2 protein chains.
Amino acid sequence: MPEPMYRQIAEDLRQKIESGELGHGDQLPTELELRELYDASRNTVRDAIKLLITRRLVETRPGQGTFVVQKINPLVTTLFTDSATLLAGKETGLGGEGTAYAAEVSAQGRKAEDSVPRVEIQQAAGVIAEQLKLAEGSPVIGRHQQRLIDGLPWSLQTTFYPMRLVELGAVRLIQADDMPTGAVRYLEEALGIKQAGWRDRITVRAPDVNEATFFRLPDDGRVAVFEVRRTAFDRQGQPFRLTVSVYPADRNQFAVKVGQVPDEVAAPARD
Amino acid sequence: MPEPMYRQIAEDLRQKIESGELGHGDQLPTELELRELYDASRNTVRDAIKLLITRRLVETRPGQGTFVVQKINPLVTTLFTDSATLLAGKETGLGGEGTAYAAEVSAQGRKAEDSVPRVEIQQAAGVIAEQLKLAEGSPVIGRHQQRLIDGLPWSLQTTFYPMRLVELGAVRLIQADDMPTGAVRYLEEALGIKQAGWRDRITVRAPDVNEATFFRLPDDGRVAVFEVRRTAFDRQGQPFRLTVSVYPADRNQFAVKVGQVPDEVAAPARD
DNA sequence: GGGTATTTGTCCGTATGTATT
DNA sequence: AAATACATACGGACAAATACC
């Protein structure tokens, strides 16, 4: 039994793309042309294109045509390294609300911009309550930030703190401005809370509506997002901070380095 | 301007699913019933369902109907921890070709099975040559393994070694059997190569045909896969091993633990 | 095992709307 | 304003997979 026609057409086009006969950014024949090429109806040709769209090989632009998607040069975020590399502090990646992050981005030859934090007080629910070991409905502070790289939306980050910390005196947590020295050091100076360790959880899921809008992703969940949750603990093993970062999966990668690892030469970005 | 009808229908159904009116595994009304419900043509109803399919909210079974997808209890793989937890050795996760991995899986109350390694000699190309710092076309050994958990396909793993290691005497690398003590220790005993560190790179991409077949994923690239590349270095900073592991993104998560981190209570698996 | 009803999958044709050039 | 190209929506026909008697 043969493959359905729309799959054969998709397969033929896919082969033309992957062989390089159709390069990145090139326009495919129009639906009308494809219809004659493969002797199929326009709807069948469209079914083939839909398959290529969900495989992220092509994109359509109304009024223009169908195009082979452009490759994106991914950004690498280091979640952990114990090598003495670019950073003075111990915590890298998401931590410190931007200090280490900015250094890493510029090391990759790109320009990072952060939005002013938007601070909200909300009720802990679900993962937030679970990770911070709070009862559902307890008040928490959420500090939301948007990060742009080279002018493009790159990640959304929210850090949650139990309201208790503010009541104990860490009032800067509810102010909508940057903490230049980093939140970790601020909490140590203000309350004597020392960060003894942290735990990252890396997952992939479909973006919600807000995320799809901000990242300008197709609204049908084709492009997934990374969700990285970092829970920080004090010396008593109590969680006091949860950072949830969301990154579009089509333009981000993560790294972990342990022990003696040579520096990476700035590679020509294979994938 | 109003939303297109097929999106309104999809939105209405989505709301019914997320509100719990339609539970996991429940059957949706048939296309014919939906057609009457929303006073739309069958093709329009089908367009709405297609949208829900790419959002991974429902799945269709020919001859049966359309069903709300079941939630999968994800497996967590620890990429790195420096806490003294379940493992004697230092390297966790992908390392050791299964020693640490098996312990972690059973700690989550699941049963792990590994296939017998399939050993191939191939020519280094692309990422493999780049990571192992070999010229394109150099011979490398590839040890492929399939991992099942609770009888279900869970990950595909290939470890690459430069052929040079075999020529120096590490002949077990080309034998198609397990290395019970782990490859790291074997290389140290046989050749005196000590692992000084490693680097992980975590990416997400669409599965290729082999992967989609093995994992029984839909063949249109809706479900992404994690690709985790671990490059191991000796004391001279030379890479001597590259492990590429592929995991379906719908049933896997990753963890990194640094410093003092309390044990996680076996949570009821939120997501 | 066979036959039938049900349900989704594929493919066609047509008409009209919307976005872009 | 006109032409081009994709988006939405309708209708119909037959095939393939499954369940049930």
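Naming: A, B, ... by sequence-line order, numbering from 1 per chain. These numbers come from the heavy atoms of this one structure, side chains and all, not from hydrogens, waters or symmetry mates. These numbers come from a predicted model, not from an experiment.
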Expressed in angstrom and rounded to an integer, what is the separation of A:Ile49 atom CD1 from C:dC11 atom P? 15 Å
Integer-rounded Å distance: D:dG11 C1' and B:Glu36 CD: 16 Å
State, without any angle test, whether A:Gln253 and B:Arg201 hold a side-chain donor-acceptor pair at a distance under 3.5 Å. yes
Options C:dC11, C:dT8, D:dC6, nucleotide nearest the side-chain atoms of A:Glu31: D:dC6
The ring-ring contact (aromatic ring centres under 6.0 Å, His included) partner of A:Phe226 among A:Tyr247, A:Trp154, A:Phe254 is A:Phe254
Nearest to the side chain of A:Arg7, heavy atoms from C-beta on, is which of C:dT8, D:dC6, C:dT10? C:dT10
Under the side chain to side chain donor-acceptor pair (under 3.5 Å) test against A:Gln157, which residue among A:Arg147, A:Gln145, A:Arg230 passes? A:Arg147
B:Arg46 atom CZ is separated from C:dC11 atom P, nearest whole Å, by 11 Å
B:Asn43 has its side chain closest, among C:dG13, C:dC11, D:dG11, to D:dG11
Pairing of A:Arg35 and A:Glu33 as salt bridge, 4.0 angstrom limit: no
Closest to the 5' end of DNA chain D, once A:Gly65 and B:Asp39 are matched to their nearest nucleotides, is A:Gly65
Output yes when at least one side-chain N/O atom of A:Thr66 is less than 4.0 Å from OP1 or OP2 of D:dC6, else no. yes
Taking atom C1' of C:dT6 as reference, at what distance in whole Å does atom CG of B:Leu28 sit? 16 Å
For C:dG2, the Watson-Crick or wobble partner whose two distances fall under 3.5 Å: D:dC21
Atom of B:Arg56, atom of A:Ala206 and distance for their closest heavy-atom approach: NH2-CB, 4.2 Å
Within the modelled atom types, does a donor on one side and an acceptor on the other bring the side chain of B:Arg42 and the base of C:dG9 under 3.5 Å apart? yes
Going by atom types only, do A:Asn43 and A:Tyr6 share a side-chain donor-acceptor pair under 3.5 Å? no
If I take atom OH in residue A:Tyr38 and atom P in nucleotide C:dC12, what distance separates them, rounded to the nearest angstrom? 14 Å
Nucleic acid contacts of residues 50-64 of chain B, taken as heavy-atom distances under 4.0 Å to DNA chain D: B:Pro62, B:Gly63, B:Gln64
Relative to each other, are the rings of A:His144 and A:Phe160 parallel, tilted or perpendicular (30° and 60° limits)? perpendicular
Toward the 5' end of DNA chain C, by each residue's nearest nucleotide, A:Thr44 or B:Gln27: B:Gln27
Rounded to whole Å, how long is the line connecting atom CG of A:Asp47 with atom C1' of D:dC6? 14 Å
Candidates D:dG11, C:dC11, D:dT8 - which lies nearest the side chain of B:Pro4: D:dT8
